[in-house]
Visitor: 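Below is the structure I would like to discuss, written out as structure tokens.
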Amino acid sequence: MSAIKLKELCEYLDELMFVSEFNDYCPNGLQVEGRSAISKVATAVSSSLETIQQAVEAGVDALIVHHGMFWKGEPAEVVGVKKKKLELLIKNEISLIGYHLPLDAHTSIGNNWKVAHDLGWFNLTPCGYVNGKAMGVMGFFKPMTREAFGKQIEEYYSHPINGAFGGSETVESAYLISGGAYKYMSDAAKCGADCFITGNFDEPAWHDAHELGINFYAMGHSATERVGPIALCDHLKERFHVDTRFIDVYNPF
């Protein structure tokens with residue numbers, strides 16, 4: 001396996017993810033600086049303590065996540081669990097790199113468009129705008145029952161559905177925006193989608209699906225946002241020939 005300089009990796013990722021185009025809720029790119037030479041990379045959904053511990057055990061040089069450590073509006077003090085995370089990263093010279101909205105929006109390896117490509121959807125259009133940038137994708141597919149469509153996405157995400165089926169029994173279009181986006185259901189209905197797929201749900205979602213006449217599939221915030229980190233892992237291995245791995249920490253939510 002090869003090695004790459006941290007600076008080169010970050011510059012490449014920032015360009016790949018079009019970081020400068022996003023107004024995000026967190027910093028995108030390098031968040032914690034580690035060693036300068038990178039030969040082993042891990043990707044993951046979140047910078048949880050368990051994820052960082054597994055990165056240490058795996059001996060990685062850089063950990064790339066969708067949910068980083070620092071968010072606008074959160075307390076600035078480095079105490080408690082945040083202190084533990086930073087201690088582990090700094091002590092083991094592991095760089096933490098995060099891409100939030102850019103990894104949702106990416107049209108080839110992102111959390112949404114990658115699904116549409118993998119499932120063979122066609123006539124794809126951007127949707128689900130956040131701060132002026134489209135995060136999601138809407139597409140069409142061969143008509144099938146909503147139950148068959150549900151089984152297909154359950155298998156894809158390896159996650160059970162929490163659903164509310166207020167739309168037609170035969171479906172041929174879907175609006176997908178990963179993560180905590182159940183409030184985009186009304187936008188999906190306005191777009192004429194038969195199905196709305198996201199990660200999370202809350203009490204109003206049941207009523208909204210029936211009142212809006214749409215089939216709602218909640219596949220788990222974490223499950224819907226594993227797609228991009230896994231795809232990025234594969235991309236970096238092919239691009240730089242470095243040792244890469246996806247750290248899969250259990251999270252049913």
Side-chain angles (χ1 to χ4, degrees), residues 42-46 51 64-67 99-128 134-182 184-185 187-188 191 193-201 205 209 214-238 244-253:
T43 65
V45 175
S46 298
T51 297
I64 307 170
V65 298
H66 180 49
H67 301 134
Y99 294 99
H100 183 230
L101 295 184
L103 193 53
D104 286 322
H106 202 279
T107 56
S108 61
I109 60 172
N111 286 320
N112 298 298
W113 285 76
K114 178 69 164 61
V115 180
H117 294 311
D118 287 348
L119 296 181
W121 297 359
F122 53 88
N123 293 342
L124 304 180
T125 55
C127 63
M135 299 295 110
V137 61
M138 180 172 168
F140 294 81
F141 44 84
K142 182 179 178 180
M144 65 181 80
T145 66
R146 62 192 181 192
E147 290 80 11
F149 181 71
K151 288 179 181 178
Q152 184 183 72
I153 60 174
E154 272 190 327
E155 181 178 345
Y156 183 88
Y157 287 118
S158 299
H159 193 280
I161 293 169
N162 278 294
F165 306 112
S168 60
E169 293 186 5
T170 300
V171 298
E172 58 181 341
S173 62
Y175 177 120
L176 167 62
I177 179 169
S178 64
Y182 84 90
Y184 281 78
M185 194 186 314
D187 189 57
C191 291
D194 298 322
C195 305
F196 172 52
I197 308 166
T198 190
N200 74 334
F201 64 96
I214 194 168
N215 296 304
F216 173 61
Y217 302 82
M219 306 307 302
H221 193 137
S222 183
T224 58
E225 296 190 333
R226 295 168 75 252
V227 178
I230 291 172
L232 180 58
C233 180
D234 294 338
H235 175 83
L236 292 176
K237 183 175 183 179
E238 181 177 350
T244 63
R245 65 194 63 203
F246 173 69
I247 296 177
D248 193 5
V249 171
Y250 175 71
N251 186 340
F253 298 140

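No hydrogens, no waters, no symmetry mates; every other heavy atom, side chains included, goes into these values. For the single chain, residues carry numbers from 1 onward in sequence order.
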Visitor: Supply the atom-to-atom distance Ser158 OG to Ile153 CD1, rounded to the nearest 0.5 angstrom.
Guide: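 Rounded to the nearest 0.5 Å, the OG-CD1 separation comes to 12.0 Å.
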Visitor: Run the side-chain donor-acceptor check on residues 118-126: report pairs under 3.5 Å with partners two or more places apart or on a different chain.
Guide:
{"unit_1": "Asp118", "atom_1": "OD1", "unit_2": "Lys114", "atom_2": "NZ", "d": "3.1"}
{"unit_1": "Asp118", "atom_1": "OD2", "unit_2": "Lys114", "atom_2": "NZ", "d": "2.8"}
{"unit_1": "Asp118", "atom_1": "OD2", "unit_2": "Tyr156", "atom_2": "OH", "d": "2.7"}

Visitor: When you compare the side chains of His106 and Asn111, does any donor N or O come within less than 3.5 Å of an acceptor on the partner?
Guide: no
Visitor: Does Val171 reach the side chain of Phe141, with side-chain heavy atoms less than 4.5 Å apart?
Guide: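 Yes, close enough: below the 4.5 Å cut-off.
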Visitor: Please report the shortest heavy-atom distance between Ile247 and Thr51, naming the atom on each side.
Guide: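 Smallest heavy-atom distance, with atoms named: CD1-O, 3.9 Å.
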Visitor: Which atom names give the shortest non-hydrogen contact between His100 and His66, and what distance separates them?
Guide: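 Between these two residues, the closest heavy atoms are O-CE1, 2.9 Å.
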Visitor: If we ignore hydrogens and angles and just use 3.5 Å, is the side chain of His117 paired with the main-chain N or O of Thr107 as donor and acceptor?
Guide: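 Flag set: sc His117 to bb Thr107 pair under 3.5 Å.
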Visitor: What is the minimum heavy-atom distance between Phe196 and Ile214, and which atoms define it?
Guide: CB-CD1, 3.8 Å
Visitor: Is there a side-chain contact between Glu147 and Phe165 (heavy atoms, below 4.5 Å)?
Guide: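 With C-beta onward as the side chain, the pair stays apart.
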Visitor: Quick one: do Arg226 and Phe246 satisfy side-chain contact (heavy atoms from CB on, under 4.5 Å)? Show the steps, please.
Guide: CA-CA 9 Å; Arg226 295 168 75 252; Phe246 173 69; 3.9 Å; yes
Visitor: Is the backbone of Gly128 close enough, under 3.5 Å, to the side chain of Tyr175 for a donor and an acceptor to pair up by distance?
Guide: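 Here the side-chain-to-backbone pair exists.
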Visitor: Could you pull out the closest heavy-atom pair between Phe216 and Ala209, with the gap in Å?
Guide: CB-CB, 3.9 Å
Visitor: Kindly indicate whether the side chain of Ile64, heavy atoms from C-beta on, has any atom under 4.5 Å from the side chain of Leu236.
Guide: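 Yes, close enough: below the 4.5 Å cut-off.
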Visitor: If you draw a 6.0 Å radius around CZ in Phe201, do more than 12 non-hydrogen atoms from other residues or ligands fall strictly inside?
Guide: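 Result for CZ/Phe201: open.
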Visitor: Glu169 and Thr145: side-chain contact (heavy atoms from CB on, under 4.5 Å), yes or no, with the steps?
Guide: CA-CA 6 Å; Glu169 293 186 5; Thr145 66; over 6 Å; no
Visitor: So which atom in Ser168 and which in Thr170 form the shortest heavy-atom distance, rounded to 0.1 Å?
Guide: OG-O, 2.8 Å
Visitor: Let me see the working for Cys195 and Phe149 under side-chain contact (heavy atoms from CB on, under 4.5 Å), right down to the final yes or no.
Guide: CA-CA 9 Å; Cys195 305; Phe149 181 71; 3.8 Å; yes
Visitor: Taking Asp194's backbone N and O only, do any of them form a donor-acceptor pair with Ser173's side chain (distance below 3.5 Å, no angle check)?
Guide: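 Side chain of Ser173 to backbone of Asp194, a donor-acceptor pair under 3.5 Å: yes, one is there.
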Visitor: Judged by atom type as modelled, is there a donor-acceptor pair below 3.5 Å linking the side chain of Thr198 to the main-chain atoms of Gly179?
Guide: yes
Visitor: Taking the six-membered ring for Trp, are His221 and His67 parallel (under 30°), tilted (30 to 60°) or perpendicular (over 60°)?
Guide: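 Ring orientation of His221 relative to His67: perpendicular.
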Visitor: Just how far is it from atom CG of Asn112 to atom SG of Cys127, taken to the nearest 0.5 Å?
Guide: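 Taking CG in Asn112 and SG in Cys127, the distance rounds to 7.5 Å.
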Visitor: Using salt bridge (charged side-chain N to carboxylate O under 4.0 Å, His left out) as the criterion, list what pairs up with Asp234, not counting sequence neighbours.
Guide: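 With neighbours one apart ignored, the set is empty.
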Visitor: With distance as the sole test, does Glu154 use its side chain to make a donor-acceptor pair with the main-chain N or O of Ile161 at under 3.5 Å?
Guide: yes
Visitor: For Gly167, does its backbone N or O pair with a side-chain atom of Asn215 as donor and acceptor, under 3.5 Å?
Guide: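 A pair under 3.5 Å: yes.
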Visitor: What closest approach, in Å, do Tyr182 and Ala205 show between heavy atoms, and which atom pair accounts for it?
Guide: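 It is CD1-CB, 4.0 Å.
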Visitor: side-chain contact (heavy atoms from CB on, under 4.5 Å) for Leu176 and Met138? Distances and angles first, verdict last.
Guide: CA-CA 6 Å; Leu176 167 62; Met138 180 172 168; over 6 Å; no
Visitor: For Asn200, what residues pass the side-chain hydrogen bond (donor to acceptor under 3.5 Å, both in side chains) criterion, not counting sequence neighbours?
Guide: none
Visitor: Is a donor on one side and an acceptor on the other found under 3.5 Å between the side chain of Ser178 and the backbone of Glu225?
Guide: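 The answer is no, because no donor-acceptor pair under 3.5 Å joins these two groups.
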